[in-house]
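Working notes, structure below.
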Amino acid sequence: QVQLVEAGGGLVQAGGFLRLSCAASGRTFSDYALGWFRQAPGKEREFVAAISRSGGNIMYADSVKGRFTMSRDNARNTVFLQMNSLAPEDTAVYYCAARFTLYSGSLSIKRDEYENWGQGTQVTVSS
């Protein structure tokens, strides 16, 4: 198991930016592919971005492509989500997730394939 703690959420105006971070502890961080998901009120938790163990493969949801950037620092056991050009529809609780994998290039966009989750951080974008 790996423990995940998100930080960096807050209230921002449309067009603004935020940088989320997720600090991991417990197991070897570089053994895990990571993902960011979000959940808006009354909606299901949805995929935002995912990154492989090595950081060499990254995928984004179409809704955030070109605006959000996911990265990881294996030396600091931390993953980041840089969110630019934020819009009100980006308002949600953002969750960091980790998935153990033997393959350095593997990643997943499927919520059910992640076994470790953080507690979430609220992002609110005002119009």
Side-chain angles (χ1 to χ4, degrees):
Q1 292 286 339
V2 62
Q3 290 76 47
L4 304 168
V5 179
E6 301 96 336
L11 173 64
V12 64
Q13 288 189 332
F17 64 92
L18 284 172
R19 188 187 195 211
L20 305 184
S21 64
C22 175
S25 62
R27 300 292 296 269
T28 304
F29 183 68
S30 58
D31 285 346
Y32 290 81
L34 302 164
W36 285 100
F37 292 77
R38 66 186 182 186
Q39 187 166 18
K43 295 188 176 181
E44 290 193 356
R45 193 171 299 187
E46 66 175 7
F47 168 74
V48 175
I51 192 167
S52 61
R53 284 174 44 183
S54 64
N57 289 336
I58 306 174
M59 288 189 66
Y60 299 96
D62 288 343
S63 58
V64 307
K65 202 172 294 183
R67 301 187 298 123
F68 291 11
T69 301
M70 185 175 186
S71 62
R72 67 186 295 165
D73 185 340
N74 285 348
R76 294 169 56 191
N77 292 354
T78 305
V79 62
F80 303 95
L81 186 68
Q82 178 69 40
M83 306 187 295
N84 298 330
S85 302
L86 283 163
E89 51 265 36
D90 294 317
T91 295
V93 177
Y94 282 71
Y95 296 91
C96 172
R99 172 177 178 262
F100 179 83
T101 177
L102 296 175
Y103 305 103
S104 63
S106 175
L107 52 75
S108 176
I109 67 171
K110 297 180 179 180
R111 180 182 62 197
D112 293 345
E113 292 188 354
Y114 289 84
E115 63 267 15
N116 302 278
W117 291 84
Q119 83 289 350
T121 185
Q122 177 70 48
V123 171
T124 302
V125 184
S126 63
S127 57

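Just so it is clear, the structure is predicted and the values come from calculations on it, not from any experiment.
The two atoms that bring Ala49 and Leu81 nearest to each other are CB-CD1, 4.3 Å, heavy atoms only. Minimum heavy-atom separation, Phe29 to Ala24: CD1-CB, 3.3 Å. Of all non-hydrogen atoms in Ala50 and Tyr114, the two that sit nearest each other are CB-OH, 3.7 Å.
Here the side chain of Tyr32 pairs no donor or acceptor atom with the backbone of Ser52 at under 3.5 angstrom. In this structure, Glu6 contributes its side chain and Gly120 its backbone to a donor-acceptor pair below 3.5 Å. Proximity of a side-chain donor or acceptor of Thr101 to a complementary backbone N or O of Tyr103 within less than 3.5 Å is detected. When atom types are taken as modelled, the side chain of Arg45 and the backbone of Tyr94 share no donor-acceptor pair closer than 3.5 angstrom. Between the side chain of Gln13 and the main chain of Ser127, no donor-acceptor pair closer than 3.5 Å is present. Remark: side-chain polar atoms of Arg67 are paired, donor with acceptor, to backbone N or O of Ser63 under 3.5 angstrom. Judged by distance alone, with hydrogens and angles left aside, the side-chain atoms of Asn77 form no donor-acceptor pair with the main-chain N or O of Ala23 at under 3.5 Å. Side chain of Asn116 to backbone of Val2: a donor-acceptor contact under 3.5 angstrom is found. The backbone N or O of Gly55 sits nowhere less than 3.5 Å from a side-chain atom of Asn74 that would complete a donor-acceptor pair.
In this model, no donor atom of one side chain and acceptor atom of the other lie less than 3.5 Å apart for Gln82 and Thr69. Side-chain contact check for Thr124 and Gln122: at least one donor-acceptor pair (N or O, by modelled atom type) lies under 3.5 Å.
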Task: Worked verdict on Leu107 versus Ile51 for side chain to side chain contact (heavy atoms under 4.5 Å, CB included) - done: CA-CA 6 Å; Leu107 52 75; Ile51 192 167; 5.7 Å; no
- [ ] Could you check Trp117 against Phe37 for ring-ring contact (aromatic ring centres under 6.0 Å, His included), going step by step and ending with a plain yes or no?
- [x] CA-CA 10 Å; Trp117 291 84; Phe37 292 77; 5.1 Å; yes
Open item on the list: Set out, in order, the CA-CA distance, both residues' side-chain angles and the distance that settles side chain to side chain contact (heavy atoms under 4.5 Å, CB included) for Arg38 and Val64, then state yes or no.
Closed with: CA-CA 12 Å; Arg38 66 186 182 186; Val64 307; 3.9 Å; yes
- [ ] Apply side chain to side chain contact (heavy atoms under 4.5 Å, CB included) to the pair Met70 and Val79, showing each step before the final yes or no.
- [x] CA-CA 7 Å; Met70 185 175 186; Val79 62; 3.6 Å; yes
Task: Leu20/Phe80 under side chain to side chain contact (heavy atoms under 4.5 Å, CB included): CA gap, chis, key distance, verdict - done: CA-CA 6 Å; Leu20 305 184; Phe80 303 95; over 6 Å; no
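In this structure, Met59 CE and Lys65 NZ are separated by 7.0 Å, a value rounded to the nearest 0.5 Å.
Of the residues Val5, Thr78, Thr121, the one that meets the side-chain contact (heavy atoms from CB on, under 4.5 Å) test with Ser21 is Thr78.
Phe47 is not connected to Leu4 by any chain of hydrophobic side-chain contacts under 4.5 Å among Ile, Leu, Val, Met, Phe, Trp and Tyr, and they are in different clusters. A single hydrophobic cluster is not seen to contain both Tyr95 and Met83; linkage of ILVMFWY side chains at heavy-atom distances under 4.5 Å, directly or through other members, places them apart.
For residues 69-122, the set of pairs meeting the disulfide bond (SG atoms under 2.5 Å apart) definition, not counting sequence neighbours, comprises Cys22-Cys96.
For Arg27, the CZ atom is loosely surrounded, since the number of other residues' heavy atoms within 6.0 Å does not exceed 12.
By the 4.0 Å N-to-carboxylate-O rule, Glu115 lies too far from Arg99 to be salt-bridged with it.
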